[in-house]
Protein chains: 2
Amino acid sequence: MKIRNRIITAAETAFDHCGFTATGMDRLTETANVSSRTLYKHLGNKNALIVAALEHRRRRFFAQLDVESVDALFAALLDWTEAEGARGCLFLRANGETGGEVPEISDAVTAYRTDLRDLIERLVVSEIGSTHETDTILVLFEGAVTAACYRGTQAIAAARTAAAVVLKQPRQPQ
Amino acid sequence: MKIRNRIITAAETAFDHCGFTATGMDRLTETANVSSRTLYKHLGNKNALIVAALEHRRRRFFAQLDVESVDALFAALLDWTEAEGARGCLFLRANGETGGEVPEISDAVTAYRTDLRDLIERLVVSEIGSTHETDTILVLFEGAVTAACYRGTQAIAAARTAAAVVLKQPRQPQ
DNA sequence: GCAAATGTAAAACGACCGTTTTACATTGTC
DNA sequence: GACAATGTAAAACGGTCGTTTTACATTTGC
């Protein structure tokens with residue numbers, strides 16, 4: 001189980017840094033220090049490796065985002081970005097590159113989105129007692145991830161401040 | 001100049017719907033109703049066609065976003081999304097698929113980002129008299145585009161409301 | 001100590017794809 | 001009415017890439 005993990009870990013960073021299509025099997029075997037035969041024996045094919053890398057990313061990401069407030073969520077995103085860099089949401093990119101035509105990959109992306117929304121909803125409810133601003137915080141989170149690609153961590157800081165403002169705001173009648 | 005335009009227009013929607021890598025030259029010639037020889041004579045190669053399609057998208061997009069307030073900006077984004085669908089920012093996707101290693105494409109993406117930020121900055125200044133909340137609105141805009149992929153137009157509505165709240169908020173001392 | 005399992009190294013396969021070329025039809029202009 | 005210019009249709013080229021195969025080395029458990 002050690003080799004499989006090494007392959008997946010190396011693949012996650014390779015895909016993140018160079019893209020899914022642009023990363024060939026030769027680079028994946030190289031960075032994982034395994035032969036192509038071993039890689040195929042352990043993962044089956046490239047799509048399965050992409051799925052495994054996405055699931056690995058999902059676990060790592062939400063492990064770092066295991067927080068108890070919306071403010072701490074953005075603080076954790078800041079830490080993540082400072083450690084990992086900002087190249088956009090890996091799941092969004094995976095979906096874009098495959099055109100949503102690889103079901104297993106789409107499933108992995110959907111799983112991530114569900115987890116993210118569940119997390120945010122839980123935090124929002126514990127903070128203001130209703131789910132009412134969940135989409136707002138979700139938008140701020142997604143926007144922070146995307147805008148950080150070219151505005152850096154100050155995009156995350158801006159999202160963090162805006163989230164605080166929105167949640168402090170007295171609930172408007174619909 | 002009519003054929004070139006037909007090729008670029010068809011390419012823009014093909015790339016948008018199926019992705020850049022996943023869209024082969026055969027599909028591009030098919031949807032534009034031209035021979036491959038004509039396509040190459042007019043555009044040169046696939047990367048140049050991608051750049052042309054991105055520039056075409058940029059012109060169309062900002063033509064629809066020619067507004068005078070932040071609220072109208074999100075209203076215009078709503079209109080755009082209802083007409084075109086939500087598949088994520090085409091420029092972000094282009095960058096992701098090429099790994100940022102095709103300079104001409106990266107330039108087109110940078111041009112879009114610059115235009116978007118300039119537009120938002122202009123609107124924010126005209127609304128609150130300072131550039132202070134530009135990054136916040138930018139984050140909300142990017143987040144709305146991304147989240148609309150799986151939350152639909154209500155993500156844009158949430159961003160729109162949040163933008164109004166943020167801009168109404170009394171300026172906090174730094 | 002010897003199979004069986006598991007690994008490496010590297011060549012080969014087969015399909016796909018961007019691009020070019022060949023051969024031919026259509027058009028507009030002097 | 002001939003001749004560029006510009007178009008189509010389709011075959012061919014050449015490289016890349018995911019995947020498989022061949023040949024061989026190394027571990028591991030009975």
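All values below were derived from every heavy atom in this structure, side-chain atoms included, with hydrogens, water molecules and symmetry-related copies excluded.
- Judged by distance alone, the side chains of B:Thr134 and B:Thr131 never bring a donor and an acceptor atom under 3.5 Å apart.
- We find that OH of A:Tyr40 is positioned 12 Å from P of D:dC17, with the value rounded to whole Å.
- Taking B:Tyr150 as the reference, nothing meets the ring-ring contact (aromatic ring centres under 6.0 Å, His included) condition, with sequence neighbours excluded.
- Under a hydrophobic clustering in which Ile, Leu, Val, Met, Phe, Trp and Tyr are joined whenever their side-chain heavy atoms come within less than 4.5 Å, directly or via other members, A:Leu140 and A:Phe91 fall into the same cluster.
- By the salt bridge (charged side-chain N to carboxylate O under 4.0 Å, His left out) test, B:Asp115 pairs with B:Arg58, sequence neighbours left out.
- Applying the salt bridge (charged side-chain N to carboxylate O under 4.0 Å, His left out) criterion to A:Glu127, with sequence neighbours excluded, gives no partner residue.
- Comparing the start and finish of the helix from C:dG1-D:dC30 to C:dC30-D:dG1, five pairs each, the helix axis swings through 0°, to the nearest 10 degrees.
- Residues that satisfy the ring-ring contact (aromatic ring centres under 6.0 Å, His included) test with A:Phe20, not counting sequence neighbours, are A:Phe15.
- For the segment residues 9-23 of chain B, no residue has any heavy atom less than 4.0 angstrom from an atom of DNA chain D.
- Looking at A:Ser126, its side chain does come within 3.5 Å of a backbone N or O of A:Leu123 through a donor-acceptor pair.
- Of the possible polar contacts, none joining the B:Arg93 side chain to the A:Gly96 backbone as a donor-acceptor pair under 3.5 Å is found.
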Can you give one letter per nucleotide of nucleotides 5-15 of chain C, 5' to 3': B if a protein heavy atom sits under 4.0 Å from the base, S if only from the sugar-phosphate, - if neither?
-> --BBBB-----
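- Residues of residues 96-105 of chain B that place a heavy atom closer than 4.0 Å to DNA chain C do not occur.
- Between the side chain of B:Thr153 and the main chain of B:Ile156, no donor-acceptor pair closer than 3.5 Å is present.
- Sorted by first then second residue, the side chain to side chain donor-acceptor pair (under 3.5 Å) pairs that include residues 18-34 of chain B, not counting sequence neighbours, are B:Thr21-B:Glu97.
- Contact check for B:Arg117 versus B:Asp135: side-chain heavy atoms found under the 4.5 Å cut-off.
- In the model, B:Glu133 has a side-chain atom that pairs as donor or acceptor with a side-chain atom of B:Thr136 under 3.5 Å.
- Every pair passing side chain to side chain donor-acceptor pair (under 3.5 Å) that includes a residue from residues 71-91 of chain B is listed here, sequence neighbours excluded: B:Asp16-B:Arg87, B:Arg60-B:Glu84, B:Asp71-B:Arg160.
- With B:Ser69 contributing its side chain and B:Ala72 its backbone, the two residues share a donor-acceptor pair below 3.5 Å.
- A heavy atom closer than 4.0 Å to some atom of DNA chain C occurs in B:Gly24, B:Met25, these being the qualifying members of residues 24-31 of chain B.
- Taking atom CG of residue A:Leu43 and atom P of nucleotide D:dT20, one finds them 13 Å apart after rounding to whole Å.
- For B:Arg113, there are no salt bridge (charged side-chain N to carboxylate O under 4.0 Å, His left out) partners, not counting sequence neighbours.
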